[in-house]
Amino acid sequence: MDKTFDPAAVEARIAARWEETQAFRAGRADRQGAEPYTIVIPPPNVTGSLHMGHALNNTLQDILCRFERMRGKDVLWQPGTDHAGIATQMVVERRLMERQQHRRQLGRDEFVKRVWEWKDESGGAIVNQLKRLGASCDWSRERFTMGVDGSADDQMVQAVLKVFVDLYKQGLLYKDKRLVNWDPRFQTAISDLEVQQVEVKGHLWHIRYAIEGEPDRSITVATTRPETMLGDVAVAVHPEDERYRDLVGKHAILPLVGRRIPIVADEYSDPEKGTGAVKITPAHDFNDFEVGRRHKLPLVNVLGTEGQIQIEGNEAFLADLDATALAPVMALHNLDRAEARKRVVALLEESGALVEIEPHTHMVPHGDRSGVVIEPYLTDQWYVNVKPLAERALGAVREGKTKFVPENWEKTYFQWLENIEPWCVSRQLWWGHQIPAWYDDQGNVFVAGSEEEAKAEARSKHGKEVALRRDEDVLDTWFSSALWPFSTLGWPEKTPELGRYYPTNTLVTGFDIIFFWVARMMMMGLHFMDEVPFDTVYIHALVRDEKGAKMSKSKGNVIDPLSVIDQYGADALRMTLAAMAAQGRDIKLSVQRVEGYRNFATKIWNAARFAEMNGCRRVAAFDPHAVKETLNRWAIGECAKALEEVASALQAYRFNDAALGAYRFVWNGFCDWTLELAKPVLQGADGPAKDETRATVAFIFDEICKLLHPFMPFLTEELWAIKGEEGEARTQVLALTPWPQLAELVDPAAEAEIGWVVDLITEIRSARSETNVPAGAQIPLVLVAPSADVKARAERWGGTVKRLARISEIGIAETPPRSSIQLLIRGEVSALPLEGVIDLAAERARLAKEIQKLEADMAKIDAKLGNADFLKRAPEEVVEEQRERREEASERKAKMEEALKRLQD
RNA sequence: GGGCGGUUAGCUCAGCGGUAGAGCACAUCCUUGACAUGGAUGGGGUCACAGGUUCAAUCCCUGUACCGCCCACCA
């Protein structure tokens, strides 16, 4: 074995081995009758690169997959990537921009071609990065959410087409003209979820509108968006607002524009807000849109698709207005909305209509990708009426068909689905699934799975061949991801995989995409497969930097998982993430923690070297049940307990408990105690005990490899193989080796005996240190009137105790020697006679402190036992336990006091 | 405005009705035949605050104070 662990070399070698052996293939011949276990990966953006969130997400999935694979299941971890509409289009547009090009110059076909090129160029990156992390996906089944004709992913397109057409035919998908969230930068509609509310320090402009026919009166409205006043069609006041009641029914004159607009009464107007009178701009505000609808007001759109003022030739705007009188306003044409705002305010000020400017902080919607202010904008878009689908998705979770872990996320899920709005699925982008809708020149729409079918439909409608034009828009990228759990399995074909692996078992994801993705998969899965897409949704935390801030490029606090892997190894990173993945709290990651788990890997490596050097080689016929030596029986039992602990934690998705349980056992239980206690045997005389101990160490090492494999797959797979060098070679990779079943091997007698040894050594060390006995000094140990049991144990373990606690000799006496440190180990007194060496003052202090502690403890227990209610109401075991504790404490105290007294004589 | 979570050792966090735990940091000691990326030992906590339930509360309930997140139509 090499002297040090070289993660990079090992990772490359092991990855190749997994690939050669096709260890991660679903449906392997050796798993034919096995229970399936399926996870679909949250498909990362195809052009993305691995960040810490991915690292966590995929580490957890991999831990589950490896664990279940070892437990004998037929595991399918379905990998793939997402075409990620806006995100990807943005990346490619930015690249074009660097070369002073714009997508419109290229045209749609050429641009889409470029995106495909970029995908082919960079699309493998994230997959390779996932492999570096050790992700045990079935890479032969990799999918992409969007395919080209004839490619393997074409079937993903078929799935999208079928869903769109079916939903349309079922009346659940329709085209509608209403306000959408419009992103002026990308010039596309986006869904509610893609809008981020950002707090902005702005102003509230108070504008006075004259009242028609009443020169002495006016009404003042307050607005945060003065530029939209060009599209005002009314002023609304609350029906019960005394201040304005008499104005209702009259008309105001819109400043600058001169439009005559009604003053209406509407409950929407809040007397508390602003001036209590609110301008109504139905084309540019969601609320105003509703008010406009209620009062049958016209829609006056004053913005273009880029968010610029558009009034020249704008019929709705110019209706009943004298264009020539509007010269100053017409000059605003084509100005960007920000600039237009300034100019409108200036014009208002000039005209004397601006009453007041008040500082005002409010939430302003921004595009989560583009970062620009979103405009409510009137357009034709495709919507899915998700309400009925949401009902089923809600029901499935309420009935427990799908469970969230941690459970409290169910509330979040419920809240959103209960208040769900129609989902706008069309996007005015070029990169994505083009909407399968065709139009004839009369505006009839034909939704079909192909142009031929659309043509056929058109033919039957018109009785002749007509020219059709395809809808230019594409679908929201989440539309195709919503189908991921079944589209990846071959749907709409009835493939064997679909029957075998759907519904999937676990979905592992972050809470940030519960709405975007999880809820929509639930809706689509239930609707099209008639079954939930997964049994369990495990929601993990967000990875933040060590100070708790979100990692972001602009803050420069990003920890790049790949450089962490380069520096410390994938196993160290994985172990860190698993150990920190407690439910319900964000992970504050620091490189220091990774370093700690790198040290853990080193520790294991060195333990393996130790085993090798001491001839601890696997014995083919080794039977853990037949082990005779107490130490070995104990060690196997400890290992069995650790395996059980890890397995049950993983089954409950308590990754941190699992990882830390494994860590503690391997480092403390195995390295610090088992190996140390075994040293005297391993380095002592040859014989059956030594042979058995060697074999046991080798055996436990194998079990440790299995135990740690889900967390640290590379290191363990490597050690597993190295150990096979001696004797026969391993016939199977560790990844496919069964999870051990050792629960029945815990031996209470061995636990008691080794527990005594451990306690004795610990106590001696502690007492030596506290009483300033030089570390190098060999000192005697005296057992005081030992019981036969203790005497026998001392005989068996004398050598070990001498070695680990620096004891020169072990004697027996009726009473403790005069000058000595006295220890109480499991009820029996031992002493360290230290004539001339002992620091008596320190020993007295040690005893006094101990006595004090015991007294405090006893007082507490006495208070309890003296309470009649406690005795009456508390469960008997608890009372009994308290009594025992009290007795122990008082015994201990008596012994300590005795020792102290002796010391003072 | 609605909802959710957090407040436990110097730091980062587990735990969750009956003796407060880990890692890191800190202190002291140890070049012991796997490992100094190591070993041993130790110090350090009225479990945010105030009430309540209970024989018993860090844990359950109510409220308060900070901190964070999500949702909500920009007067």
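Only this structure's heavy atoms are used, side chains among them; waters, hydrogens and symmetry mates stay out. Residue numbering restarts at 1 for every chain, and letters A, B, ... go by the order of the sequence lines.
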(message) Would you say that more than 12 heavy atoms from the other residues, nucleotides or ligands in this model lie under 6.0 Å from the CD of A:E855, or not?
(response) yes
(message) For a quick check, tell me whether the side chain of A:R598 and the base of B:rU37 share a donor-acceptor pair closer than 3.5 Å.
(response) yes
(request) Consider the side chain of A:N287, meaning its heavy atoms from C-beta on, and name the nucleotide among B:rA72, B:rC73, B:rA75 that approaches it most closely. (result) B:rC73
(message) Taking the basic N atoms (NZ, or NE/NH1/NH2) and the acidic carboxylate oxygens, is any pair closer than 4.0 Å for A:K679 and A:E676?
(response) yes
(request) Give the ring-plane orientation class for A:F670 versus A:F701, where under 30° counts as parallel, over 60° as perpendicular and anything between as tilted. (result) perpendicular
(message) Taking the C1' atom in each of B:rA56 and B:rG18, what is the distance between them to the nearest angstrom?
(response) 6 Å
(request) Return yes if the base of B:rA72 and the side-chain atoms of A:E421 contain a donor-acceptor N/O pair under 3.5 Å, otherwise no. (result) no
(request) Say whether, by atom type as modelled, one donor and one acceptor occur between the side chain of A:N614 and the main chain of A:F610 under 3.5 angstrom. (result) yes
(message) What is the separation between atom CD1 on A:I207 and atom C1' on B:rA75, rounded to the nearest whole Å?
(response) 10 Å
(message) If I take atom CZ in residue A:R846 and atom C1' in nucleotide B:rG43, what distance separates them, rounded to the nearest angstrom?
(response) 17 Å
(message) Whole angstroms only, please: what is the CD1-P distance between A:I761 and B:rU32?
(response) 19 Å
(message) Can you tell me if A:K802 has over 12 outside heavy atoms packed within less than 6.0 Å of its NZ?
(response) yes
(request) Determine the Euclidean distance between corresponding C1' atoms of B:rC55 and B:rC49; express it in Å to zero decimal places. (result) 26 Å
(message) Taking the C1' atom in each of B:rG39 and B:rA48, what is the distance between them to the nearest angstrom?
(response) 39 Å
(message) In this structure, how many angstroms lie between the P atom of B:rG68 and the CG atom of A:D512, rounded?
(response) 19 Å
(request) Using the C1' atom on both, measure B:rG44 against B:rA22 and round to a whole Å. (result) 15 Å
(message) Are more than 12 heavy atoms, taken from residues, nucleotides or ligands other than A:Q778, located less than 6.0 Å from that residue's CD atom?
(response) yes
(message) Closest approach to the side chain of A:L204, judged atom by atom: which nucleotide of B:rC74, B:rA75, B:rU19 is it?
(response) B:rA75
(message) Please give the distance between the P atoms of B:rG51 and B:rU58 as a whole number of Å.
(response) 13 Å
(request) May I have the distance from A:E880 (atom CD) to B:rU19 (atom P), rounded to whole angstrom? (result) 15 Å
(request) For B:rA40 and B:rC4, measure between their C1' atoms and round to the nearest Å. (result) 46 Å
(request) Can you figure out which of B:rU19, B:rC74, B:rA34 approaches the side chain of A:L675 most closely? (result) B:rA34
(message) Please verify the inter-ring angle class for A:W409 with A:F511; under 30° counts as parallel, over 60° as perpendicular, anything in between as tilted.
(response) parallel
Protein-nucleotides 52-58 of chain B N/O pairs under 3.5 Å:
| unit_1 | atom_1 | unit_2 | atom_2 | d |
| --- | --- | --- | --- | --- |
| B:rC55 | OP1 | A:R873 | NE | 3.1 |
| B:rC55 | OP1 | A:R873 | NH1 | 2.9 |
| B:rC55 | OP1 | A:R873 | NH2 | 2.3 |
| B:rC55 | O2' | A:N867 | ND2 | 3.0 |

(request) Do nucleotides 23-28 of chain B as a string where each nucleotide becomes B, S or -: B if the base has a protein heavy atom under 4.0 Å, S if just the sugar-phosphate does, - if no protein is that close. (result) -S----
(message) Could you tell me how far B:rG33 sits from B:rA27 if I compare only their C1' atoms? Round to whole Å.
(response) 29 Å
(message) As a test of reading the structure: which of B:rC69, B:rA34, B:rG2 is closest to the side chain of A:Q415, going by heavy atoms?
(response) B:rG2
(message) Roughly how many Å apart are B:rG45 and B:rG5, using the P atom of each and rounding to a whole number?
(response) 31 Å
(request) Decide, yes or no, whether a salt bridge links A:R225 with A:E375 under the criterion of side-chain N to carboxylate O below 4.0 Å. (result) yes
(message) Angle between ring planes, A:F600 versus A:Y597, binned at 30° and 60°: parallel, tilted or perpendicular?
(response) perpendicular
(request) Remember a base hit wins even if backbone is also touched, and classify A:V221 as base, sugar-phosphate or nothing at under 4.0 Å, heavy atoms. (result) nothing
(message) Assess whether a salt bridge exists between A:K853 and A:E850, defined as any Lys/Arg side-chain N lying under 4.0 Å from an Asp/Glu carboxylate O.
(response) no
